[in-house]
> 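One structure is given below, represented as structure tokens, and several questions about it will come after.
By convention in this document, chain letters (A, B, ...) are assigned in the order of the sequence lines, proteins followed by strands, and residues within each chain are numbered from 1. Heavy atoms only: backbone and side chains are in, while hydrogens, waters and symmetry mates are out.
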Amino acid sequence: MGLDYNISNNEQQFVLDALKENTRLDGRKLLDMRNVEIQIFPDEYGHVDVKLGKTEVACKISASIEQPYKDRPFEGLFQINTEISPMCSPFFEVSQGASGGTSSRQTSEEILISRMIEKSVRRSNALDLENLCLVAGSKCWSVRADLHFLNYDGNFIDASCIAVMTALLHFKRPDVEVSGDDIVVFDTKQRDPVPLSILHIPLCVTFNFYNPNGDEENIKGESNGELIVVDTNLIEERLSLGSMTITLNKNQEVCQLLKSGGLNIDASLIMNCCTYAAKIVSQLTDQIHRVLKEDEHKRINPTEQKELQTVNSREAS
Amino acid sequence: MSVRQVVIPGDHIEVESQKNRSSITLGPHISLVPTIGTHTLNPTTVGLLEEKHLSAKRTVYYVEANSKRYLPESGDNVIGVIIGSFGDFYRVSLNDFSVPVVLNQFSFPNASKKNRPRLEVGDLIYARVESVNPNVDAEISCVDPTTGKAEGYGKLEGGMVFKVKLAYARNLLFDPNAHILTELVTKCKFEIAIGVNGKIWLKTDDIHSTVACGRCIEKSQQWSDADIKANVEDAFAAMKKSKDEGDN
């Protein structure tokens, strides 16, 4: 069984030639993102489906009450679960779990993706954990984000980051009342559920690097003719000589930057990438807010709203 | 003449009783239930039932169905990638993550011990499925058995591969008046090889028109017949515009 994509020399040559001419297989320019489609499932809170071209990722947030860590009694728990199943592509094998983990490249790719999301969302403190604390040291909210990878056409990192952040922004946990050690959890019908407190929205932008003249040129460092490509699809991702993922928020704060190996690039280029990423991130943040607002609008129940109003229109008798 | 009807597994399709067993030929995705008097056909997958009269006495029945993974059938024209060689054979992948097929180095026109084709890993070839046997790897060949010549089979130089659905690739290959292709002909000059394994190889004079043609073919899977002309027109206009921008 072949376990990798078999990309012919013709395709490789064509993709590189096309990049040299500032065009790509789907008609985009080098620095164009694919169209991001964010869909929120209507009957739940925090269930989001993100499509980036053919790449598709779904994220579901759930919350339960648990005991906090002993060393962090004032903080809630937040866990991101990323397991890539072969459903999205046979390229990703069935994961063996912690005990029987194989050190194949497939699994390392998978680890990289989950690490990236962990670093971007959890470690950048996007979710205010202290706000999840109910009773210090004994009870707190445990928020869990489950990512499901549905189809693979490159750039899982960016798509899943958008999915997790949109889902977190959309999610609402049941309201609770704490009196002493007793906690009362209210049904969503009794009291409106409460949104999580999100401090900022970090989003990833992945750049891929190519050099049509071979990577030796970059090592010598005289004339660097490398090409920078944003949001690669599957075949472009396979052919790239190196990638860099920058995580930013709308305030232009860099939360994380990863450039693991690959093509050598100049520091000034990283700055250029950052400024460009900031532009993309601000567009994406606006899109996320727009989608959330539209969804909020749809959820308003007109009859319920009317009942809640103090002034009722009375029919003239 | 053809009759089109959607069938699902479990359907019983009665065939006229006066026909005897030998007049019925079964194509892909269909099986025959032997009964006395009438003949009942049983589809093995969802699709359109096709009935074609080969001659006055022979009728072929098959189900035209779409699937995602290509399984070799003898006689199919396919596009493959060389992924290795062993002994006198090349190993060829027709489908990512599937069992590779084999290509004999002598299955080329005029090939001999001294005069062999030189193919490297990653080369793209257009070939015909020679034999399929459940117990051994399927074999493909680059010779047309009726003439003993290449007849278009062999290594594909340059160009780009685009992937389409299997049913669509079959439709493009077997329909001489496929609308999208006749429309593209009016726009630019291109070389094309269609593999029923869902791969289409395209080569034009420049990169921009190859991308435009390929995208038109890929997208035309969702286009209605009436829209094809306008959509192709739009795609090429957009291509010209972006090409001019790139030149400036």
> Should the pair F97(B) and F91(A) be assigned to parallel (<30°), tilted (30 to 60°) or perpendicular (>60°) ring geometry?
tilted
> If the contact rule is any heavy atom under 4.5 Å from chain A, which residues of residues 163-201 of chain B qualify, in numerical order?
K163(B), W201(B)
> What pair of heavy atoms forms the shortest contact from M160(B) to V15(A), and how long is it?
CE-CG2, 4.4 Å
> Could you tell me which residues in residues 111-134 of chain B have at least one non-hydrogen atom under 4.5 Å from a non-hydrogen atom of chain A, sorted by residue number?
V121(B), G122(B), D123(B), L124(B)
> So how far is it from F14(A) CZ to T210(B) OG1, rounded to the nearest 0.5 Å?
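Going from the CZ atom of F14(A) to the OG1 atom of T210(B) covers 4.5 Å.
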> Return each pair, listed once, that meets ring-ring contact (aromatic ring centres under 6.0 Å, His included) where at least one residue sits in residues 77-96 of chain B; pairs must be two or more places apart or across chains.
F86(B)-F89(B)
> Within residues 136-158 of chain B, which residues come under 4.5 Å of chain A, heavy atom to heavy atom?
L156(B), E157(B), G158(B)
> Any chance CG of N110(B) has more than 12 other-residue heavy atoms, nucleotides or ligands included, within less than 6.0 Å?
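No - once you tally the heavy atoms of other residues, nucleotides and ligands closer than 6.0 Å, there are 12 at most.
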> Measure the CZ-OG distance between R28(A) and S242(B) for me, rounded to the nearest 0.5 Å.
13.5 Å
> At a 4.5 Å cut-off on heavy atoms, which part of Q13(A) comes close to chain B: side chain, backbone, both, or neither?
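Contact with chain B involves no heavy atom of Q13(A) at all.
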> Mark yes when over 12 heavy atoms from residues, nucleotides or ligands other than K229(B) sit less than 6.0 Å from its NZ; otherwise mark no.
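Open.
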> Would a distance-only check, ignoring hydrogens and angles, find a side-chain to backbone donor-acceptor pair under 3.5 Å from D96(B) to N6(A)?
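Yes.
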> Flag the one option from I235(A), N10(A), D17(A), L25(A) with the top tally of heavy-atom pairs under 4.5 Å to chain B.
N10(A)
> Just verifying a value: how many Å separate L16(A) CG and I207(B) CD1, rounded to the nearest 0.5 Å?
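It is 9.5 Å, given to the nearest 0.5 Å.
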